[in-house]
Amino acid sequence: MSRAQEIADLLSGVTITTADNTAQLTLTSTDADANHGPRLDLKRDSGSPADNDTVGRLRFLFDNDAAEETEAVRIDTFIPDVSDGTEDATFQILTMVGGTIRSRVEHNSTETVFNQDSIDLDFRIESNGNANMLVVDAGTDKIGIGTAAPTVTLEVANASNPALSGVTNRNPIIQLTNTDTGYVAGNATAIDFATSLNYTNASIICRNDNSGSGFGGSLIFATSPTSGNSLTERMRILPTGGLTFNGDTAAANALDDYEEGTFTPSFTGGITGSSYGDQNGTYVKIGQLVFFAIELDVTNGQASTNGNQIIIDNIPFASAASSPMVHSQGGAWVTFNNNFYNVDTGVYLQIPTNTNQIKLYRGSGNALVGNETGVNAQNDFHIAGCYRTA
Amino acid sequence: MALTEETLEDKIEVVGDYKAVQVRTATVIKKDGTEISRSFHRHALQCSTKASGSWADTDISGESTEVQAICNAVWSDAVKTAYQTTMDAQEV
């Protein structure tokens, strides 16, 4: 082969072939300085450069089992903008997926895109301790953090953490931290709920209530009225517990308790009985207010009466102290009277201060005593009542 | 499947001027060790009890050791006397 032919062949493309595992091409630099080397330049030297010119393609080829030359991996580069001073470049990596070359990652002038071809191709990032630190499930259009199989649009999963009293496996899956101003009372973090108009419709706000240590916070629920874009406090959980409403944050006005249950009332004055046919009490406590219902009847033949005032004892909570009320923190009314007291003047039931008792009075205002005419102790006596607790 | 029931005094409170002791007893139903139900029963104890016109210390012998200890700790003679005086004053 002549020298001229060799040069002609070289200029028309070179194929280097070996039949072993040695490198077909090696670029070696013996330069001793710290600058780049060896160096491979792929140069598009067009006389008429235009937007979207490609500037190089690197391909990895193989023969499939039908002896067809097939592209396994491709690295593509483009120049979307060749304008002097504002040039942009795009870099793509594509691989064969199910017989079709697909974009796996693309870096262009405005973004980095994974799975640009929108196929069922998951994206997963591992951390040191979690193989599924971040997962985009392309088949289900869901994102998982700490889970390989998210079941909602965004699922964040975590292992157990130190427990809150009465709560097991408390997982602080998301923590919102406002680091702007440190331990300043009033400093807050929030979760906002908004529409596409970007107006906040509602918000859940955690307010720091301690300027000293950063401990102690209240949780505020706010909504925006339909007449304007202004959040207004509707409800707050105080740092010491209790619910307040509409911006009134006084602890004295907080709704701090709800409970329902049973108790066992009994006659403790005026009437005694060794056993009862009915001896039932139920209550609902809302804040300081207790509503209760009582069914009592002393088993026939077991009741005895005396000259003391009839008192029903053991209501579930002690009544409030004697301020500002002096004598009474509530009362009760008869809901069913099966001849327990058969005098027309009726019976009044008072719950004094500082007590767990209900005292019975006649219509005249005098104490209703057990051996009084008209009292038939062993008969059904049902009442309901309401009072303030301590 | 194993259903179990247990009762426990899950709240003992001392309230009011005269140290009333309120005891909440919880009945807890568990299925295979997991709580499926909890209901409450309450009773309250005042420091003194009046029977047939005479005051006496409230009988707490049927209470738990813990409740007895609390009652004995907070029901001083001064508390009892003040309570009896207040209750007597409220009588009609």
Side-chain angles (χ1 to χ4, degrees), chain A residues 166 168 257-270 272 280-285 288 290 292 306-309 311 313-323 325-329 348 350-357 359-362 364-370 388-390, chain B residues 7-28 30 33-35 37-56 58-60 62-63 67 70-71 74-75 79-92:
Chain A
T168 55
D257 193 20
Y258 177 88
E259 185 181 311
E260 50 190 80
T262 61
F263 60 100
T264 307
S266 61
F267 288 111
T268 193
T272 57
N280 305 313
T282 62
Y283 67 87
V284 177
K285 182 174 184 283
Q288 288 185 316
V290 178
F292 65 88
N306 54 49
N308 297 324
Q309 182 176 18
I311 296 173
D313 200 6
N314 210 20
I315 57 177
F317 300 88
S319 59
S322 55
S323 178
M325 303 298 288
V326 177
H327 301 292
S328 174
Q329 291 294 358
Y348 298 92
Q350 180 213 31
I351 300 173
T353 61
N354 282 303
T355 185
N356 297 90
Q357 297 179 337
K359 293 186 173 181
L360 277 64
Y361 294 91
R362 290 183 288 140
S364 62
N366 294 329
L368 180 65
V369 298
R388 264 184 76 227
T389 62
Chain B
T7 60
L8 64 152
E9 291 174 342
D10 71 338
K11 186 180 281 189
I12 303 172
E13 305 159 296
V14 179
V15 300
D17 295 342
Y18 308 111
K19 314 297 183 189
V21 176
Q22 298 179 164
V23 183
R24 186 174 76 176
T25 303
T27 300
V28 181
K30 292 182 177 179
T34 300
E35 181 175 325
S37 167
R38 178 178 288 248
S39 58
F40 299 124
H41 186 88
R42 276 190 174 269
H43 70 282
L45 302 162
Q46 297 287 357
C47 57
S48 295
T49 304
K50 196 172 192 178
S52 303
S54 299
W55 286 105
T58 299
D59 180 9
I60 56 173
E63 302 296 329
V67 170
I70 292 171
C71 292
V74 299
W75 290 348
V79 167
K80 295 173 186 174
T81 301
Y83 175 72
Q84 293 165 9
T85 300
T86 299
M87 293 300 106
D88 286 341
Q90 289 181 350
E91 290 187 356
V92 175

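Neither the backbone nor the side chain of Ile311(A) comes within contact range of chain B; no heavy atoms are under 4.5 Å apart. Only the side chain of Asn308(A) comes within less than 4.5 Å of a heavy atom in chain B; its backbone stays farther off. Neither the backbone nor the side chain of Ser319(A) comes within contact range of chain B; no heavy atoms are under 4.5 Å apart.
Considering all non-hydrogen atoms of both residues, Asn356(A) and Gln46(B) come closest at OD1-NE2, 2.7 Å. Of all non-hydrogen atoms in Met87(B) and Asn354(A), the two that sit nearest each other are CE-O, 3.7 Å.
Using a 4.5 Å cut-off between non-hydrogen atoms, the part of residues 13-23 of chain B that approaches chain A consists of Val15(B), Gly16(B), Asp17(B), Tyr18(B), Ala20(B), Gln22(B).
Between Thr264(A) and His41(B), the side chains place a donor N or O and an acceptor N or O closer than 3.5 Å (distance only, hydrogens not considered).
Within the 4.5 Å cutoff, the side chain of Arg42(B) has no heavy atoms near those of the Asn314(A) side chain.
In this structure, CZ on Phe40(B) lies 9.0 Å from CD on Glu260(A), to the nearest 0.5 angstrom. The distance from the CD atom of Gln357(A) to the NZ atom of Lys50(B) is 10.0 Å, given to the nearest 0.5 Å.
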